[in-house]
Every structure is written in C-alpha cells, then in structure tokens.
Amino acid sequence: MLKRLFQVFIVALLPLLAGCDFVVMSPSGDIAAQQRDLIVVSTVLMLLIIIPVLFLIFYFAWHYRRTNTAATYDPEWHHSTRLEVVIWSAPLAIIIALGAVTWISTHKLDPYRPLDRLDADRPVPADAKPLTVEVVALDWKWLFFYPDLGIATVNELAAPVDVPINFKLTATSVMNSFYIPALAGQIYAMPGMETKLHAVINKEGEYKGFSANYSGLGFSNMYFKFHGMTQQGFDDWVARVKTQGTALNRDAYLRLEKPSEKEPVRYYASADKDLYKSILNLCAQPGKMCTDEMMHIDRMGGAGKESLENREKLEYDNRRVEKGEMTNSPTFPASGEPSRSPEEPNKTVNDNGGQPMQHDMNNMPGMQHGEPSAPAPDSGSSNPAPTQLNNNN
C-alpha cells in the first residue's frame with residue numbers, strides 16, 4: 001500500500017517539474033562540472049546523518065508507542081557511553097570531511113586561478129592560447145570585447161570548444177553578476193573594479209547567460225546567448241561579426257551606455273582598443289579623470305591645492321542628476337538635489353533654548369590651545385574641501 005502511494009506521489013510531481021532546467025546538475029563546462037560534483041559530494045555527506053536521524057525518529061515513535069508492551073521501559077536510564085560515542089563521532093567525522101572538501105575546492109575552483117585542465121582526462125596543452133574576453137555589465141545589457149580579435153558584441157558571446165577562456169569583468173553603474181550555468185559559477189561585475197573568471201566549454205551548443213544580481217528596472221530581461229563552437233565555427237562567427245558589424249568608438253559607446261531594455265544582438269567589426277580600460281577606470285565620458293591616473297597622483301603625494309580643479313573630473317555617479325533625471329541618489333549637498341520630503345531634517349538642539357548647538361573647537365579633545373587645527377570653511381563657498389592635501393607643506 002505504501003509503495004503504491006509513493007508511486008502516485010512521484011507521478012503527481014512530474015507535471016510540476018516539467019518546467020525545471022537542470023543545467024546546473026548537467027553542465028557542459030569543466031568548471032561547472034566540478035562545482036556540480038562538489039554539490040553532490042556535500043549533499044551525500046550530509047545525508048549520511050540526515051537519513052539515519054529521520055529513520056530513527058519514525059522507528060522510536062513506532063517502537064516506543066504506548067500500546068507496545070514489549071518495549072523496555074527504564075525511567076532511570078540517563079547515560080550510555082556507546083551511544084555518546086556514536087552520536088558525537090559520526091557528525092564530527094562528517095564535519096572534518098566537509099571541511100577538507102571545502103578547503104580543497106575553495107582553492108581549486110578559485111575563479112582567479114588559471115585552468116590546469118580541460119576536463120578530468122585532459123590537462124591544458126602547454127601551447128594552448130587562451131581566449132580573452134572583456135565583459136562590461138551595462139544597464140541593462142552585456143557588452144563583450146575580444147581584444148585579441150579587435151571585435152565586440154552586445155548580448156552574444158561565443159568561444160571555441162576546449163579552449164580556455166579568460167574573462168575580465170567590470171560594470172558601468174551598479175554591481176551586477178555574470179552567470180552562465182552551463183559554463184561556470186557566477187562572478188560579480190562592479191564599477192571601477194575588475195574581477196576575473198577562468199572557464200572552458202567542452203560541448204557544442206547554445207547556452208543561456210544572464211545577470212544573477214538585481215540591478216534595476218530592466219534586470220529581468222538582461223539575458224545573452226553563449227555559443228560553444230568548433231574552431232572552424234568560431235572562425236566563421238568572427239568573420240560574420242567583422243562583415244556585418246559597425247565600428248565601436250567612444251561616441252558609439254556613449255550612446256550604447258544609456259539605459260535600455262531588451263537590447264538586440266549587436267556586432268562591432270572594430271572596437272577602440274582603449275575603450276575597455278576607460279570604462280574600467282570610469283573615464284569613458286569626455287572630461288573625466290581616470291581612476292588609475294588619480295591613484296598615481298595619490299601615490300606621488302597628492303597634487304596640492306591644484307587638486308581642487310580635479311573635483312568635477314572625479315564625479316562619476318551623478319550623471320543622471322546632471323541630466324535632470326529623478327533618481328534615488330543622495331540629496332543636497334551630496335548631489336545638489338534638494339530634498340523631496342515636505343519635512344525639514346531634524347537639527348541637533350541643546351537643552352536650554354532649542355537653538356542649534358555650537359562647539360568651541362579649541363575645547364574639544366585633541367584641539368587644545370596652541371595645537372594646529374583645520375581652517376574653517378568659507379561660508380560663502382558651496383565647494384567642499386579639496387579631496388587631497390599637500391603633504392609637503
């Protein structure tokens with residue numbers, strides 16, 4: 001009877017599972033396959049405890065039921081060394097095993113670690129040349145640069161089978177997540193930073209890629225196609241991109257960068273070789289200072305008073321405010337936008353007159369008479385303090 005009920009239960013679940021995609025458990029890339037194996041091993045190790053515990057729950061409930069007079073009743077029982085050894089040693093052994101598996105896998109599957117094998121049976125050939133792909137997460141689309149080939153694409157990615165792929169990833173606005181379940185695990189893409197991912201595809205096919213981190217209005221349509229091809233098929237694809245594509249220069253990129261949803265696949269037969277670096281350093285827009293240039297100035301000790309002129313060049317996150325668009329960004333003075341709330345912000349008051357508190361800087365700790373102090377800001381100026389101080393004064 002129980003067997004029949006179980007069969008009926010399984011059959012009833014099949015329609016609910018018809019829409020499930022088990023690509024995570026049946027991947028086509030070696031890195032994703034190793035991650036799949038890690039999931040299986042971890043699950044089996046945990047089931048070694050879960051299954052016996054669930055079985056014993058039902059066994060004890062049945063064996064020590066009230067109507068079973070044959071069960072031993074010992075109200076004075078309180079300890080068993082044998083049971084204590086089993087109860088503690090088995091979970092401890094499983095925790096040690098899980099810790100060892102986690103330690104090994106954490107280092108072996110580090111996304112920054114170059115590949116040492118194509119699959120379980122083949123190491124990476126010594127003369128193998130990886131395919132470099134530079135990935136930019138835009139609002140709400142994906143831009144792919146192939147620096148070695150001089151081309152770029154939007155919402156379409158391709159790679160030859162059994163060729164290591166070196167991904168370099170960044171973003172233009174908010175943090176995003178690059179994920180191709182059949183290829184490898186997800187990796188974050190963040191503005192002003194570069195993350196890396198190494199992977200390889202082992203089977204031909206068309207696979208889905210998407211953003212796995214909520215990034216705003218068009219997030220739900222932020223998909224792209226990843227094609228695993230033979231070397232000849234990949235060469236034909238590159239030739240098609242160069243034939244059908246246009247040029248991706250700085251002006252074309254600035255138009256592409258504007259937020260858009262359900263962006264179609266686009267091909268660029270040529271791409272500005274310095275464009276990805278400019279995007280990474282937040283200086284694709286004219287008149288902006290690159291972050292690596294600013295870092296160089298900081299390492300040299302700062303630019304002194306002249307650094308005040310760099311203030312506007314270093315404003316990266318108020319582009320929409322400057323265009324008059326309403327955003328959820330900070331209000332005045334951070335962005336220059338007044339508060340949209342009808343209530344005035346609370347002010348700190350004293351206990352006597354209800355007037356704003358005023359502090360004597362000379363009486364504060366660390367500000368004794370005779371010690372140097374920062375100059376008071378000019379009340380008639382709306383500019384904030386310089387971002388750098390001259391360390392050579």
Side-chain angles (χ1 to χ4, degrees), residues 17-36 39 111 115 118-120 122 128-138 140-149 151-169 176-187 189 197-213 215 218-246 248 256 260-269 271:
L17 298 176
C20 295
D21 187 358
F22 293 98
V23 63
V24 173
M25 303 308 295
S26 182
S28 301
D30 183 62
I31 294 297
Q34 294 183 67
Q35 294 171 338
R36 182 268 319 274
I39 295 174
L115 300 183
L118 299 179
D119 55 35
R122 296 177 297 167
K129 183 180 180 181
L131 175 67
T132 300
V133 181
E134 296 168 339
V135 183
V136 180
L138 301 167
W140 287 273
K141 47 195 169 284
W142 294 94
L143 174 61
F144 304 105
F145 291 95
Y146 290 80
D148 298 332
L149 303 174
I151 62 174
T153 60
V154 171
N155 286 345
E156 184 171 286
L157 176 65
V161 171
D162 295 335
V163 173
I165 311 171
N166 297 345
F167 291 103
K168 300 178 180 180
L169 305 100
N176 232 300
S177 184
F178 176 80
Y179 189 27
I180 305 175
L183 181 69
Q186 62 173 313
I187 187 75
L197 175 67
H198 295 83
V200 62
I201 191 70
N202 301 122
K203 297 179 182 178
E204 294 182 57
E206 181 181 299
Y207 307 99
K208 179 186 293 185
F210 57 92
S211 170
N213 191 79
S215 58
F219 158 78
S220 58
N221 294 306
M222 200 169 171
Y223 292 93
F224 64 92
K225 293 180 180 180
F226 171 60
H227 300 281
M229 301 176 169
T230 63
Q231 185 62 54
Q232 182 60 48
F234 179 73
D235 292 340
D236 294 341
W237 178 83
V238 172
R240 184 167 66 253
V241 172
K242 290 185 177 181
T243 301
Q244 301 177 3
T246 58
L248 181 60
L256 178 66
S260 62
E261 298 183 48
K262 299 181 180 180
E263 191 72 21
V265 173
R266 296 178 183 271
Y267 293 156
Y268 296 98

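Hydrogens, waters and symmetry mates are skipped; everything else that's a heavy atom, side chains included, is used. All figures in this text were calculated on a predicted structure; none of them were measured in a lab.
- Under the side-chain contact (heavy atoms from CB on, under 4.5 Å) criterion, His198 pairs with Pro114, Leu115, Asn166, sequence neighbours left out.
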| message | Before you tell me yes or no, could you show the steps for Phe167 and Ile187 under side-chain contact (heavy atoms from CB on, under 4.5 Å), namely the whole-Å CA-CA distance, both residues' side-chain angles and the distance that decides it to 0.1 Å? | response | CA-CA 10 Å; Phe167 291 103; Ile187 187 75; over 6 Å; no
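- In this structure, Ala152 and Leu143 approach most closely via the heavy-atom pair CB-CD1, 4.4 Å.
- Residues meeting the side-chain hydrogen bond (donor to acceptor under 3.5 Å, both in side chains) test with Gln244, sequence neighbours left out: none.
- No donor-acceptor pair closer than 3.5 Å links the side chain of Asp148 to the backbone N or O of Leu131.
- For the atom pair CD1 of Ile31 and CD1 of Ile165, the computed distance is 10.5 Å after rounding to the nearest 0.5 Å.
- Separating the NZ atom in Lys203 from the CG atom in Leu183 is a distance of 13.0 Å, to the nearest 0.5 Å.
- Gln186 is linked by a side-chain hydrogen bond (donor to acceptor under 3.5 Å, both in side chains) to Ser177, counting only residues two or more places apart in sequence or in another chain.
- With rounding to the nearest 0.5 angstrom, the CG atom of Leu149 is 6.0 Å from the NZ atom of Lys242.
- Among Asn176, Val135, Val136, the single residue meeting the side-chain contact (heavy atoms from CB on, under 4.5 Å) criterion with Leu169 is Val135.
- Partners of Phe219 by ring-ring contact (aromatic ring centres under 6.0 Å, His included), not counting sequence neighbours, listed by chain and number: Tyr214.
- Residues forming a ring-ring contact (aromatic ring centres under 6.0 Å, His included) with Phe234 (at least two apart in sequence, or on another chain): Trp237.
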| task | Might you work through the side-chain contact (heavy atoms from CB on, under 4.5 Å) test for Tyr207 and Ile201, ending with a clear yes or no? | result | CA-CA 10 Å; Tyr207 307 99; Ile201 191 70; 3.8 Å; yes
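- Looking at Ile39 and Gln35, their side chains never come closer than 4.5 Å, going by heavy atoms from C-beta outward.
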- Check the pair Glu156, Thr153 against side chain to side chain donor-acceptor pair (under 3.5 Å), reporting the backbone distance first and the verdict last. CA-CA 6 Å; Glu156 184 171 286; Thr153 60; over 6 Å; no
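- Interatomic distance, Trp140 CH2 to Met222 CE, rounded to the nearest 0.5 Å: 9.5 Å.
- Annotation for Asn202 and Val161: closest pair O-CG1, 3.5 Å, computed over non-hydrogen atoms.
- Taking Tyr268 as the reference, nothing meets the ring-ring contact (aromatic ring centres under 6.0 Å, His included) condition, with sequence neighbours excluded.
- For the residue pair Ala182 and Ala32, the shortest heavy atom distance occurs at O-CB, 3.7 Å.
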Q. What's the verdict on side-chain contact (heavy atoms from CB on, under 4.5 Å) for Leu157 and Ile180, showing C-alpha distance, side-chain angles and the deciding distance?
A. CA-CA 11 Å; Leu157 176 65; Ile180 305 175; 4.0 Å; yes
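- The side chain to side chain donor-acceptor pair (under 3.5 Å) contacts involving residues 219-231 comprise Gln231-Asp235, where partners must be two or more places apart or lie in separate chains.
- Arg36 is linked by a salt bridge (Lys or Arg N to Asp or Glu O under 4.0 Å) to nothing, counting only residues two or more places apart in sequence or in another chain.
- Residues passing the salt bridge (Lys or Arg N to Asp or Glu O under 4.0 Å) test with Asp119, sequence neighbours excluded: Arg122.
- The ring-ring contact (aromatic ring centres under 6.0 Å, His included) search around Phe145 returns none, not counting sequence neighbours.
- For the residue pair Tyr179 and Ala184, the shortest heavy atom distance occurs at CE1-O, 3.4 Å.
- Aromatic ring centres of Phe224 and Phe178 lie closer together than 6.0 Å.
- Not a single donor-acceptor pair under 3.5 Å links the side chain of Glu263 to the backbone N or O of Val154.
- Listed here is the closest heavy atom pair of Lys141 and Leu256: CE-O, 2.7 Å.
- Here Tyr146 pairs with nothing under the side-chain hydrogen bond (donor to acceptor under 3.5 Å, both in side chains) rule; sequence neighbours left out.
- For Glu134, there are no salt bridge (Lys or Arg N to Asp or Glu O under 4.0 Å) partners, not counting sequence neighbours.
- The nearest pair of heavy atoms linking Pro181 to Val24 is CB-CG2, 4.3 Å.
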